[in-house]
Amino acid sequence: MSRRIIIDLACLATFALMPLVAALLDEPFLVSLFTRLAIYGMAAASLDLLIGYGALVSFGHAAFFGLGGYVVGIVAFHTSQGMPLWGWEGSNSALLVWPLALLCCALLGLVMGYLSLRTTGVQFIMITLAFSQMLYFILGSLSLYGGDDGILLNERNALPGLDLNDANQFYYLCVGLLVAWLLFCRRLVGSRFGFVLRGLKQSERRTVSLGLKPLRYRLTTFVIAGLGAGLAGVLWANYALFVSPDMASWQKSGELMAMVILGGVGTLLGPVLGAAVYLGLEQLLSLWTEHWLLIFGPLLLLVVLFGRQGIHGLLMAGSRPRKPVIEPAPVATAREVHP
């Protein structure tokens, strides 16, 4: 059994047994913590799809996280207040509200991606940041929905067959969606689409010479990654029963990027491990000092300098067989070429 499979099974077993461990230790907070981990792990893995496989460093990925949460919050506000939204009375059904939130995130991804992908490098980073900050200020200006204070939700969305108000059931739903998202991403990057995406990362000129259009593949990846972050925002709104403009701020995008770097860029599972370390350090260091970022910053710097493969790379170290040394072929002499 390969080390990669062992790591995957260990992570899956940890998630599966956490409610039991929390009950044995009489620490229900662990379920809440790992619910946050599953949500942020999904958002970080969606960003890794852009950075690690598409070479698209987006600093506005939190826009999808915030938009997904706000669609849930706005619909819940109108439903609870009995105020029709464009003639619609609202709904608390997850089967209706969640697809609506994802549709909004897909539309944002199309517009944001189509305009941003016309630039490259630092310009791409800045334009994605600009889009995210535009959404942040728009959400903060919505006085009907609390402005900068955000929206409080009365209850979680209803899903047939599940009681999302039960902490354990909601936890397993988040874990199940995280696993499904990771499997989908792994299938995507291993498909022909994924090979084209990685080909664009290595050499765009060579890929274009094969008759492939980069914008089509990158825009599709941008929208898919936005859907992953949007779904994470939907889950966060139901978890916290609260949404605020901070969900779409550049600081949130920075947190997601830190999780990706910590876990390992281009590994899919790595960002989940990075989210676990980030949230764990946040909980531990914040007990010691409120300025915990002063300690976390140098740790992240050390990872960037000495562990470029991240936590996932450290766990996988030594699992890959060494490449056989191939002796160079002897150079033919002029007499051998022209006897």
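Computed over heavy atoms, backbone and side chain alike; hydrogens, waters and symmetry mates excluded. Positions are given from 1, in the same order as the sequence printed here.
- None of Leu200, Val223, Val196 except one satisfies the side-chain contact (heavy atoms from CB on, under 4.5 Å) rule with Arg218; the exception is Leu200.
- Distance CD1/Ile127 to CE/Met134: 9.5 Å, rounded to 0.5 Å.
- Side-chain N/O atoms of Tyr136 and Lys252 include no donor and acceptor closer than 3.5 Å.
- In this structure, Arg156 contributes its side chain and Leu241 its backbone to no donor-acceptor pair below 3.5 Å.
- Side chain of Asn238 to backbone of Val234: a donor-acceptor contact under 3.5 angstrom is found.
- Ring geometry, Trp250 versus Phe59: the interplanar angle falls under 30°, so the pair is classed parallel (tilted spans 30 to 60°).
- A cation-pi arrangement is present between Arg198 and Phe195 under the rule of less than 6.0 angstrom and at most 45 degrees off the ring axis.
- Considering only heavy atoms from C-beta on, Val97 stays 4.5 Å or farther from Leu100 through its side chain.
- Contact check for Tyr278 versus Gln283: no side-chain heavy atoms found under the 4.5 Å cut-off.
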Yes or no on ring-ring contact (aromatic ring centres under 6.0 Å, His included) for His78 and Tyr145, after CA distance, side-chain angles and deciding distance? CA-CA 10 Å; His78 283 274; Tyr145 306 116; 5.6 Å; yes
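- Distance alone, capped at 3.5 Å, is enough to place a donor-acceptor pair between the Gln169 side chain and the Asp163 backbone.
- Under the 30°/60° scheme for interplanar angles, the aromatic rings of Tyr217 and Phe193 are found to be tilted.
- Atom CG of Leu107 is separated from atom CE of Met112 by 14.0 Å, given to the nearest 0.5 angstrom.
- Formation of a donor-acceptor pair under 3.5 Å by the Tyr171 side chain with backbone atoms of Phe15 is found in this model.
- Residues meeting the side-chain hydrogen bond (donor to acceptor under 3.5 Å, both in side chains) test with Asp8, sequence neighbours left out: Arg186.
- Without hydrogens or angle criteria, Ser253 side chain to Ala62 main chain gives a donor-acceptor distance under 3.5 Å.
- The 12-atom threshold is exceeded at CH2 of Trp88, counting heavy atoms of other residues, nucleotides or ligands nearer than 6.0 Å.
- In this structure, Asp48 contributes its side chain and Gly266 its backbone to a donor-acceptor pair below 3.5 Å.
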